[in-house]
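Keep in mind it's a predicted model, so treat the numbers as computed, not measured. In this chain, numbering begins with 1 at the start of the sequence shown.
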Amino acid sequence: PALPTPATPENKTIQQTNKPQAQTPQQRKANERFAKREESKRGKPDAALAKRHKFKSPVSPIWLIMLAFVVFGGIMFELIRLFF
């Protein structure tokens, strides 16, 4: 087996480069949010931690607008035709 290398000045500089880097403010905020979220999960069963899915309509908003335009636009054109 290979013996560990003695601590020479060259090896110390290599070992010192493994230090963690400073955090940016964005990273620090993200880490704080993550820690807060994880802390709130402690001691709770997995079933209680399941995320609730928001209801998503099967019809996109663009299609709803087009449908409303066809229906209400037709009504408006009929009313305009009847009165004028």
Side-chain angles (χ1 to χ4, degrees):
L3 296 174
T5 58
T8 61
E10 299 88 31
N11 290 342
K12 285 184 181 178
T13 58
I14 293 173
Q15 292 173 353
Q16 289 176 355
T17 59
N18 292 336
K19 290 183 180 179
Q21 295 180 349
Q23 290 183 340
T24 64
Q26 288 176 331
Q27 288 173 327
R28 189 172 291 113
K29 286 180 185 176
N31 287 341
E32 289 172 0
R33 278 183 274 152
F34 177 80
K36 189 175 182 180
R37 187 171 53 241
E38 291 300 311
E39 185 178 332
S40 68
K41 291 181 184 179
R42 291 184 188 154
K44 295 182 181 177
D46 289 337
L49 299 177
K51 290 189 174 185
R52 296 180 181 142
H53 296 288
K54 292 183 179 179
F55 174 75
K56 186 175 180 182
S57 176
V59 181
S60 72
I62 294 172
W63 285 110
L64 288 175
I65 292 169
M66 290 179 69
L67 178 65
F69 175 75
V70 169
V71 172
F72 293 113
I75 292 172
M76 292 301 291
F77 286 129
E78 276 298 313
L79 289 174
I80 290 171
R81 188 181 64 85
L82 286 174
F83 291 117
F84 295 107

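Phe69 forms part of no hydrophobic cluster, judged by ILVMFWY side-chain heavy-atom separations under 4.5 Å. In the hydrophobic clustering, where aliphatic and aromatic side chains (Ile, Leu, Val, Met, Phe, Trp, Tyr) are joined below 4.5 Å either directly or transitively, Phe55 stands alone.
Evaluation of the salt bridge (Lys or Arg N to Asp or Glu O under 4.0 Å) test over residues 58-70, restricted to residues two or more places apart or in two chains, returns none. The salt bridge (Lys or Arg N to Asp or Glu O under 4.0 Å) contacts involving residues 63-75 comprise nothing, where partners must be two or more places apart or lie in separate chains. For the salt bridge (Lys or Arg N to Asp or Glu O under 4.0 Å) condition, no pair includes a residue of residues 25-36, sequence neighbours left out. Residue pairs meeting the side-chain hydrogen bond (donor to acceptor under 3.5 Å, both in side chains) criterion with at least one partner in residues 58-68, sequence neighbours excluded, are absent. Screening residues 53-74 for salt bridge (Lys or Arg N to Asp or Glu O under 4.0 Å), with sequence neighbours left out, gives no hits.
Side-chain heavy atoms closer than 4.5 Å link hydrophobic residues (I, L, V, M, F, W, Y) into clusters, and following such links, even through other members, never connects Phe84 to Leu82.
For Glu38, the side-chain hydrogen bond (donor to acceptor under 3.5 Å, both in side chains) partners at least two apart in sequence or on another chain are Lys41. Every residue two or more places apart in sequence or in another chain that forms a side-chain contact (heavy atoms from CB on, under 4.5 Å) with Ile75 is listed here: Val71, Phe72, Leu79. Looking at residues two or more places apart in sequence or on another chain, you find a side-chain hydrogen bond (donor to acceptor under 3.5 Å, both in side chains) between Glu78 and Arg81.
With rounding to the nearest 0.5 Å, the separation of CG in Asn31 from OG1 in Thr24 is 9.0 Å.
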